[in-house]
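Chain naming here is simple, since letters A, B, ... match the order of the sequence lines and numbering starts at 1 in each.
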Amino acid sequence: RQVTVQRKEKDFQGMLEYHKEDEALLIRNLVTDLKPQALAGTVPCLPAYILYMCIRHADYVNDDLKVHSLLTSTINGIKKVLKKHNDDFEMTSFWLSNTCRLLHCLKQYSGDEGFMTQNTAKQNEHCLTNFDLTEYRQVLSDLSIQIYQQLIKISEGLLQPMIVSAMLENESIQGLSGVKPTGYRKRTSSLADGDNSYCLEAIIRQMNSFHTVMCDQGLDPEIILQVFKQLFYMINAVTLNNLLLRKDVCSWSTGMQLRYNISQLEEWLRGRNLHQREVAETMEPLIQAAQLLQLKKKSPEDAEAICSLCTALSTQQIVKILNLYTPLNEFEERVTVAFIRTIQAQLQERNDPQHLLLDFKHMFPVLFPFNPSSLTMDSIHIPACLNLEFLSEV
Amino acid sequence: SAQRPRPRVLLKAPTLAEMEEMNVSEEEESP
């Protein structure tokens, strides 16, 4: 991408001055009326850097009221945009990136040595001189959590309708439909309003879109990873819950298709460099459920193999899947009661949770690790499309 | 060293919820 960073102006010290009466215009043009697409090709998180340069000038002239007022208007402006665009992934991701970047700037240039270890000498010259904005950092951190939660809600809302049909119902392995259990009508997943079936490709396309937007907007990689950990957890939970409630999908062939689908998702994670332990681990219960459907379920040795393999599934879940398991044809036997009792006996010492279904709305706590920028304020150029001519470079 | 002394004056900030309340009451006051 083209990055519009100019060579530094000779006398520009990386501060931006404005008259107090222009504050509302600044917030309107830079926050409430801004369309993220207008900044394509510019430095990611440009609004955050511009706001920091304005804060820095107010700090430089020791005007605490101006700092208070600008930060309060900024925060209220961001909240207003988020409320107006509460189903817009791109807008929400854009303001998460910028709020986090502003928070990083307030740390990086706080004068606190703990946050300055990676600063260049030039960047150290751009630190705040008069005010300690620790309390505002807390407000921005709380705001970032709110925005993150909105982002997860939007992305889950887009993905959730696809999950059951893409993970459990769609048959992409050729010839597998011939070995499905007989006697079950093909079901549509949740809604009964016509064709709402999705293939795995639809989930992958949607996740590609999320990932591209977040990367382009300069969202911190650690946060992107947490978004996908959350989304993969939801895919796991929704799929496993359906498997635990539907006899027609508890079969060898669904197990095979499911394992293939999970491996496609893992491949996607690897391709996007997101295949970290904490993300991949969220899929473990589903991987084990798919393997459980495929394993032999007859001898004591089979029982032992199942018990040692299914460590991420509770006893209740293992027993439920075995009870629901549907033979493919008349040559395959049902799982016997005796076999299920053997499994229960072997697992009785496990201290398993008592609930059968997973809480698919569970949210992992989010963390925003400090991520200083290598950009120097005096290298940042303000594009004309922002209509901020009233800002003076100092 | 190019490092500057640590900023000294702590600017007190309202919480996010307090900010929202202030913002709502300002909007109510305006015609």
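Contact of A:Q146 with chain B is made through the side chain alone, with heavy-atom distances under 4.5 Å.
Checking side-chain atoms of A:E393 against main-chain N and O of A:F12 turns up no donor-acceptor pair under 3.5 Å.
Atoms OG1 and CZ, from A:T117 and A:F370 in turn, are 7.0 Å apart once rounded to the nearest 0.5 Å. In this structure, CZ on A:R137 lies 12.0 Å from SG on A:C105, to the nearest 0.5 angstrom.
Side-chain contact of A:D142 with B:T15: a donor-acceptor pair under 3.5 Å is absent, judged by distance alone.
The interface of residues 61-76 of chain A with chain B, defined by heavy-atom distances below 4.5 Å, comprises A:D64, A:V67, A:H68, A:T72, A:I75, A:N76.
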> When you look at A:K153 and A:E156, which way does the salt bridge (charged side-chain N to carboxylate O under 4.0 Å, His left out) test go after all the steps?
Replying inline: CA-CA 5 Å; A:K153 195 173 160 217; A:E156 285 186 345; over 6 Å; no
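Between A:Y148 and A:F368, the ring planes lie perpendicular to each other; the angle is over 60°, past the 30° to 60° tilted range.
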